[in-house]
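Each remark here refers to the structure printed beneath this line.
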Amino acid sequence: MTASANRHSAIVLYSDASDIHSHRVRLVLAEKDLQTDVRHLEAGVQDAEFARVNPSLQLPTLIDRELVLYDARVIIDYLDERYPHPPMMPVDPVSRARTRLALYRIGADWYSLRPDASHSDKDPETAAAMLSESLTAASDVFAAMPYFFSNEYSILDATLAPLLWRLPAYGIVLPDAAAPVMQYARRLFARPGFQASLSVTEREMEHS
């Protein structure tokens, strides 16, 4: 994945350098090794070219030839269907349904507890404590297999990695009981695709 210096890439991604949903899309692009022109903007920024392709100014926004997409989940589904190797979703319908259900639970149980989550009814300190407690309680799940519910890297890992990377920025230090969670996280962080997905801003989140 290349930065915005390459203006001739087939795929253009307008991204927020610190937003978790933009990071999710960048991670899938990097894991699929797709040449991408990443253009970082701040949310709500007044950029004439971006406003022309997406007047709602919603980030992330992906452009692939004449197609313009926004919303991380929509973008990721498209990328996995349009560029299927390596796959982010299982092939068979039953496993795909189970993966979608696990994605829903990750969103409902963990993403919703992010201290920076929009529309949260919890103060950041309470949300951080609840997220830490919930991840710790799931340690056995993280210890069971090399990847989340699987022996192979999937969309579940590409969803969890950006969240776990942000724990220091949320002020969360998991207890010793959550060692399997952090061992899992380190495996994800060591992947070349994950390292390639990080913005400069996100690299500064480590141990912040």
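Residues take their numbers from the sequence shown, with the count starting at 1.
Clustering ILVMFWY residues whenever any of their side-chain heavy atoms sit less than 4.5 angstrom apart, transitively, puts L188 in a cluster other than the one holding M145. No path of Ile, Leu, Val, Met, Phe, Trp and Tyr side chains, each step under 4.5 Å between heavy atoms, connects Y70 with V25, placing them in separate hydrophobic clusters. Hydrophobic clustering places I11 together with L67 (ILVMFWY residues linked when any side-chain heavy atoms are closer than 4.5 Å, directly or through intermediates).
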Q) Stepwise, does the side chain to side chain contact (heavy atoms under 4.5 Å, CB included) test hold for L62 with V68? A) CA-CA 6 Å; L62 181 131; V68 178; over 6 Å; no
Q) Hey, mind stepping through R203 and V200 against side chain to side chain contact (heavy atoms under 4.5 Å, CB included) and telling me if it holds? A) CA-CA 5 Å; R203 288 190 183 279; V200 172; 5.8 Å; no
Q: Quick one: do Y14 and V38 satisfy side chain to side chain contact (heavy atoms under 4.5 Å, CB included)? Show the steps, please.
A: CA-CA 6 Å; Y14 286 97; V38 178; over 6 Å; no
Q) Given the rule in the side chain to side chain contact (heavy atoms under 4.5 Å, CB included) test, do L131 and L167 qualify, once you have shown the distances and angles that lead to the verdict? A) CA-CA 9 Å; L131 177 57; L167 294 185; 4.2 Å; yes
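Contact record, L27 with A158: CD2-O, 3.5 Å, taken as the closest heavy-atom pair. Across D19 and L59, no two heavy atoms sit closer than the pair OD2-O, 4.4 Å. Nearest heavy-atom pair, A178 versus S139, reported as atom, atom and distance to 0.1 Å: CA-OG, 3.3 Å. Pairing each heavy atom of P86 with each of D80, the nearest pair is O-OD1, 4.0 Å. What you find for S132 and I172 is that their closest heavy atoms are CB-CG2, 3.8 Å. Closest approach of A72 and R24 over heavy atoms only: CB-NH1, 3.9 Å.
Applying the ring-ring contact (aromatic ring centres under 6.0 Å, His included) rule to F142 yields the partners W110, F148, Y184; only residues at least two apart in sequence or on another chain are considered. The ring-ring contact (aromatic ring centres under 6.0 Å, His included) check on W165 picks up F189, F194, with sequence neighbours excluded. Y83 is linked by a side-chain hydrogen bond (donor to acceptor under 3.5 Å, both in side chains) to D64, R65, counting only residues two or more places apart in sequence or in another chain.
Q195 CD: more than 12 foreign heavy atoms inside a 6.0 Å radius. No more than 12 heavy atoms of other residues, nucleotides or ligands sit less than 6.0 Å from atom CD of E152. Annotation for Q183: atom CD counts as buried by contact number, over 12 foreign heavy atoms lying within 6.0 Å.
We find the CG-CD distance between L29 and E31 to be 10.5 Å, quoted to the nearest 0.5 Å. In this structure, R166 CZ and R114 CZ are separated by 8.5 Å, a value rounded to the nearest 0.5 Å. The line from CG of L164 to CE of M182 is 7.0 Å long, rounded to the nearest 0.5 Å. Between the CG atom in L34 and the NE2 atom in H85 there is a gap of 12.0 Å [rounded to 0.5 Å]. With rounding to the nearest 0.5 Å, the separation of OG1 in T159 from CG in L156 is 6.5 Å. Separating the CG atom in L160 from the CD1 atom in I155 is a distance of 10.0 Å, to the nearest 0.5 Å.
No hydrogens or angles considered: a donor-acceptor pair under 3.5 Å links the side chains of H23 and S197. One side chain, N54 or T61, offers a donor N or O that lies under 3.5 Å from an acceptor on the other. Under 3.5 Å, the side chains of S15 and R39 contain no donor-acceptor pair of N or O atoms.
With contacts defined as side-chain heavy-atom distances shorter than 4.5 Å, the pair Y111/R105 does not qualify. You'll find the side chain of I63 reaches within 4.5 Å of the side chain of V53, heavy atoms only. At least one side-chain heavy atom of S199 sits under 4.5 Å from a side-chain heavy atom of H40. Between L113 and K122 there is a side-chain heavy-atom pair separated by less than 4.5 Å. In this structure the side chain of R191 reaches within 4.5 angstrom of the side chain of Y153, judged on heavy atoms.
Electrostatic pairing of R26 and E202 counts as a salt bridge here, judged by a charged N lying under 4.0 Å from a carboxylate O. Ion pairing between a basic and an acidic side chain is recognised when a charged N comes within 4.0 Å of a carboxylate O; R96 and D92 show no such pairing.
Using a distance-only test at 3.5 Å, with no hydrogens or angles considered, no donor-acceptor pair links the side chain of R98 to the main chain of P93. The backbone N or O of M130 sits nowhere less than 3.5 Å from a side-chain atom of S134 that would complete a donor-acceptor pair.
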